[in-house]
Colleague: 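Can you read through this structure? Questions will come right after.
Only heavy atoms go into these numbers, but all of them, side chains included; no hydrogens, no water, no symmetry mates.
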There are 2 protein chains.
Amino acid sequence: TQQLLSEPGPEAPRARPYRVSNADRSLRKGIMAHSLEDLLHKVRDTLMLADKPFYLVLEEDGTTVETEEYFQALAEDTVFMVLQKGQKWQFPSEQQRARYQL
Amino acid sequence: TQQLLSEPGPEAPRARPYRVSNADRSLRKGIMAHSLEDLLHKVRDTLMLADKPFYLVLEEDGTTVETEEYFQALAEDTVFMVLQKGQKWQFPSEQQRARYQL
């Protein structure tokens, strides 16, 4: 009873759910990924970023996530924000902050 | 039943996630480290500090962290601030303080 797809071993951790927002928080998508590299690929497709460069930060405080090691330490359902050239992480608006208090 | 990977012993504690900000809080990066020495090395590379001297303080109140023992007592996801010569810890701006009230 091989489970190659669901249990690829420690080098390729099981896919976990994450949420990814755009820079102005108008859009948020749920994405399964088993690595930072995998998530970056899926974000590019899902948010239709074409071939423009971008990076991921934590939506809550703008912490840049750039190593696989740090990514793996994050919890399931971590919310990321995609930032492209010229975009900056910003504090959520009052309205957006209400979301966290629910 | 060896557990070499998950329990490397007290001399090499497991890597834990931390967040490191620059002095004006415009940049914050997620970094895994298993010791203060390890974090200092990674901060130097990640924040491209070249060979300029720097030290780490707690972002929340400017407490200098200079012993391994104190570092190990800090929680995961502690936010550090890098200070270089001439830089001083400062209170977050009103806008930055809103971050902590989420």
Colleague: For the atom pair CD (E69(A)) and NZ (K42(B)), what is the distance rounded to the nearest 0.5 Å?
Modeller: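 One finds 4.5 Å between CD of E69(A) and NZ of K42(B).
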
Colleague: To the nearest 0.5 angstrom, please state how far the OG1 atom of T64(A) sits from the CG atom of L27(B).
Modeller: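 Nearest 0.5 Å value for the OG1-CG distance: 5.5 Å.
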
Colleague: Check the hydrophobic clustering (I, L, V, M, F, W, Y; side-chain heavy atoms under 4.5 Å; chains of links allowed) and say if L58(A) and V79(B) are grouped together.
Modeller: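 In one cluster: no.
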
Colleague: If you count the non-hydrogen atoms of other residues, nucleotides and ligands that lie under 6.0 Å from CD in E37(A), is the total more than 12?
Modeller: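 Atom CD in E37(A) is not packed in, count stays at 12 or less.
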
Colleague: Any side-chain heavy atom of T46(B) sitting closer than 4.5 Å to one from E66(A)?
Modeller: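 Contact flag for T46(B)/E66(A) side chains = yes.
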
Colleague: Say you draw a straight line from CD of E59(B) to CG of D61(A); how long is it, rounded to the nearest 0.5 Å?
Modeller: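 Reported to 0.5 Å precision, the distance equals 9.0 Å.
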
Colleague: Just wondering, do V57(A) and R28(B) contact through their side chains at under 4.5 Å, heavy atoms?
Modeller: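 A side-chain contact is absent here, since even the closest heavy-atom pair is not under 4.5 Å.
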
Colleague: Quick one: pull up OH in Y70(A) and NZ in K29(B) and give me the separation to the nearest 0.5 Å.
Modeller: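 Spacing of OH (Y70(A)) from NZ (K29(B)) equals 12.5 Å.
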
Colleague: Indicate if F80(B) and F54(B) have the same hydrophobic cluster label, given that clusters are the connected sets of ILVMFWY residues with side-chain heavy-atom separations under 4.5 angstrom.
Modeller: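 Linked, F80(B) and F54(B) end up in one cluster.
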
Colleague: Between Q72(A) and chain B, with a heavy-atom cut-off of 4.5 Å, which part of the residue counts as in contact: side chain, backbone, both or neither?
Modeller: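 Nothing of Q72(A), per the 4.5 Å heavy-atom cut-off to chain B.
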
Colleague: Is it the case that over 12 heavy atoms from other parts of the model lie below 6.0 angstrom from the CD atom of Q90(B)?
Modeller: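 No - once you tally the heavy atoms of other residues, nucleotides and ligands closer than 6.0 Å, there are 12 at most.
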
